[in-house]
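Working notes for the structure below.
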Number of protein chains: 2
Amino acid sequence: MNKTQSRILDAAKEQFIRNGLDGTSMQNIADAAAINKSLLHYYFRSKEKLFDAVFNFALQRFIPQIHGIMVSDESFFSRIKMVVSEYINMLDENPFIPMFILHEIHRNPQRPADLLIQSGLDPALTFKNLIREDEKNLIRPIDPIHLMVNIISLCVFPYAASPLINRIMFNNNQDNISKFREERKEEITRFIINAIKIC
Amino acid sequence: MNKTQSRILDAAKEQFIRNGLDGTSMQNIADAAAINKSLLHYYFRSKEKLFDAVFNFALQRFIPQIHGIMVSDESFFSRIKMVVSEYINMLDENPFIPMFILHEIHRNPQRPADLLIQSGLDPALTFKNLIREDEKNLIRPIDPIHLMVNIISLCVFPYAASPLINRIMFNNNQDNISKFREERKEEITRFIINAIKIC
DNA sequence: GTCTATATTGTGATAGAC
DNA sequence: GTCTATCACAATATAGAC
């Protein structure tokens, strides 16, 4: 991977992730990379191939993170805390990835989901391991799939909806927005644990 | 509003909401409405104006729903139940609206949020009224904005992410997907109430 | 009001000089 | 490897016949 190629990839990531497949032209990418349009085809053959490279990058960063933690040996509540913490950290570094992925899976639902499954992610194993037998007396009865969806919803949605939340909830006040973001990790963790632990 | 005009609007709603602004061409809309391309411009002047009409429709259906319930006189737990119920019902009827709105606010964050504020939605009032003084002894201390974001996240995100959830969680098995959808309303309500009530 | 025809610009992609 | 020039096509939009 030479210098030009990686500059193209960086520019493509920025453009595709911010503006989607349809919202990005090859000219946009070439301009952002400060190179000629033809070089995009020289290195990546077509817009679709270039997009695939970016999409795989985003998907791999976004989804499998949670899987490794969930199948680990840690206690249930530790795993909840770790998953939320890891996810929020990653989202703070890549706040546009949720919208990018959500939008593109709506345009083409089959391929991205297949890619994930192929990459070694095993949902059945994750759910079977989510609430272990010896921990069931600490936890209210809950379907592990609903729990998983709840956790991901609470982590991811605020990033996908951030322009609306920032305006409606905080009138775009940057201090209040930052405060909200910093509180969020602990807030979600407590919310989930209160929702499922027997007290 | 004559017959042609409303057929254009219906077709535009379907196309724009499913495929977004960039993903929809005037030709797509004309084909879906079974009329000529020029008539779109005759009735709506430009693609942008036509899109605005559709976007306002979606936004008004999607957001203010929750506001009316939240400022009502019902008890706290009743309001939670009602909001979740109303939201899920509306989402079942309009499952593509979340992605449509989320995507377009990312492309143009300012205007849609402004539209909402102008339409009489008053977030400050909503939050002040969310947890009333006389109800605070029933509820764990929680920031009303975090609570509000949590509720909306739990309701909306599964619809935005449905192609991925359906594949990864249910291997696209339609029976399991339907079962999950039907359980969801009660599941969310219980999850929220457990998270915040003092027991 | 509805159509055909067309103007104009932008798109992804390729050929070929260097 | 990198550029210019150019292709074929699709996009939004408009002019003008009926």
Side-chain angles (χ1 to χ4, degrees), chain A residues 1-58 96 99-100 103-108 110-112, chain B residues 1-58 96 99-100 103-108 110-112:
Chain A
M1 170 102 69
N2 71 27
K3 199 177 158 188
T4 303
Q5 193 172 2
S6 71
R7 264 175 54 192
I8 292 173
L9 252 182
D10 287 344
K13 279 178 196 169
E14 187 179 322
Q15 296 295 313
F16 278 137
I17 288 175
R18 273 196 141 79
N19 303 320
L21 175 60
D22 293 322
T24 301
S25 70
M26 295 296 260
Q27 190 65 61
N28 293 148
I29 298 169
D31 291 348
I35 50 111
N36 193 279
K37 216 174 43 163
S38 309
L39 284 180
L40 302 181
H41 291 95
Y42 177 78
Y43 282 105
F44 292 92
R45 224 178 68 101
S46 71
K47 183 184 182 182
E48 200 189 342
K49 301 259 183 220
L50 181 52
F51 178 81
D52 281 351
V54 174
F55 191 80
N56 287 344
F57 162 83
F96 289 98
M99 264 317 296
F100 174 64
H103 184 247
E104 302 307 336
I105 60 176
H106 270 260
R107 307 224 59 227
N108 185 350
Q110 206 48 47
R111 189 179 41 115
Chain B
M1 172 104 69
N2 69 27
K3 199 177 158 187
T4 303
Q5 193 172 2
S6 71
R7 264 175 55 192
I8 292 174
L9 254 182
D10 286 344
K13 277 178 198 169
E14 186 178 322
Q15 296 296 312
F16 278 137
I17 289 176
R18 273 196 144 78
N19 303 320
L21 174 60
D22 294 321
T24 302
S25 71
M26 295 295 260
Q27 190 64 61
N28 294 151
I29 297 170
D31 291 348
I35 49 112
N36 193 277
K37 220 173 37 165
S38 309
L39 285 179
L40 303 180
H41 291 96
Y42 176 78
Y43 281 104
F44 292 93
R45 223 179 69 101
S46 71
K47 183 183 181 182
E48 201 190 342
K49 302 260 184 220
L50 179 53
F51 178 80
D52 281 352
V54 174
F55 191 80
N56 288 344
F57 162 82
F96 290 99
M99 264 318 294
F100 174 65
H103 183 247
E104 301 309 334
I105 60 176
H106 269 262
R107 307 220 62 224
N108 185 351
Q110 205 48 46
R111 190 178 42 114

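Below, chain A is the first sequence line, B the second, and so on; all start at residue 1. In this text, all values refer to a predicted model and were calculated from it rather than measured experimentally.
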dA11(D) C1' sits how many Å from N19(B) CG, rounded? 16 Å
Whole Å only: how far is the CG atom of D31(A) from the C1' atom of dG10(C)? 13 Å
Roughly, in whole Å, what's the span from OH in Y42(B) to P in dG16(D)? 17 Å
Is any side-chain N or O of S46(A) closer than 4.0 Å to OP1 or OP2 of dG12(C)? no
Rounded to whole Å, CG of D22(B) lies from C1' of dA10(D) at a distance of 14 Å
N/O donor-acceptor pair under 3.5 Å between K47(A) side chain and L21(A) backbone: yes
Choosing from dT4(D), dG12(C), dT2(C), which nucleotide comes nearest the side chain of S38(A)? dT4(D)
Check the distance between dC7(D)'s P and K37(A)'s NZ and give it to me in whole angstrom. 13 Å
Do F51(B) and E104(B) make a side-chain contact, defined as non-hydrogen atoms from C-beta onward lying under 4.5 Å apart? yes
Residue L39(A), side-chain atoms from C-beta onward, closest of dT4(C), dT12(D), dC3(D): dC3(D)
Rounded to whole Å, NZ of K49(B) lies from P of dA13(D) at a distance of 11 Å
Could you tell me how the ring of H106(B) sits relative to the ring of F96(A): parallel (under 30°), tilted (30 to 60°) or perpendicular (over 60°)? perpendicular
In whole angstroms, how far is the P atom of dT14(C) from the OH atom of Y43(A)? 17 Å
Rounding to a whole Å, what distance do you find between Q27(B):CD and dT4(C):P? 11 Å
From dG12(C), dA13(D), dC3(D), nucleotide with atom closest to K47(A) side chain: dG12(C)
Among D10(A), I35(A), L40(A), the one residue meeting side chain to side chain contact (heavy atoms under 4.5 Å, CB included) with I29(A): L40(A)
Counting only side-chain heavy atoms from C-beta out, which of dT14(D), dT2(C), dA13(C) sits nearest to H41(A)? dA13(C)
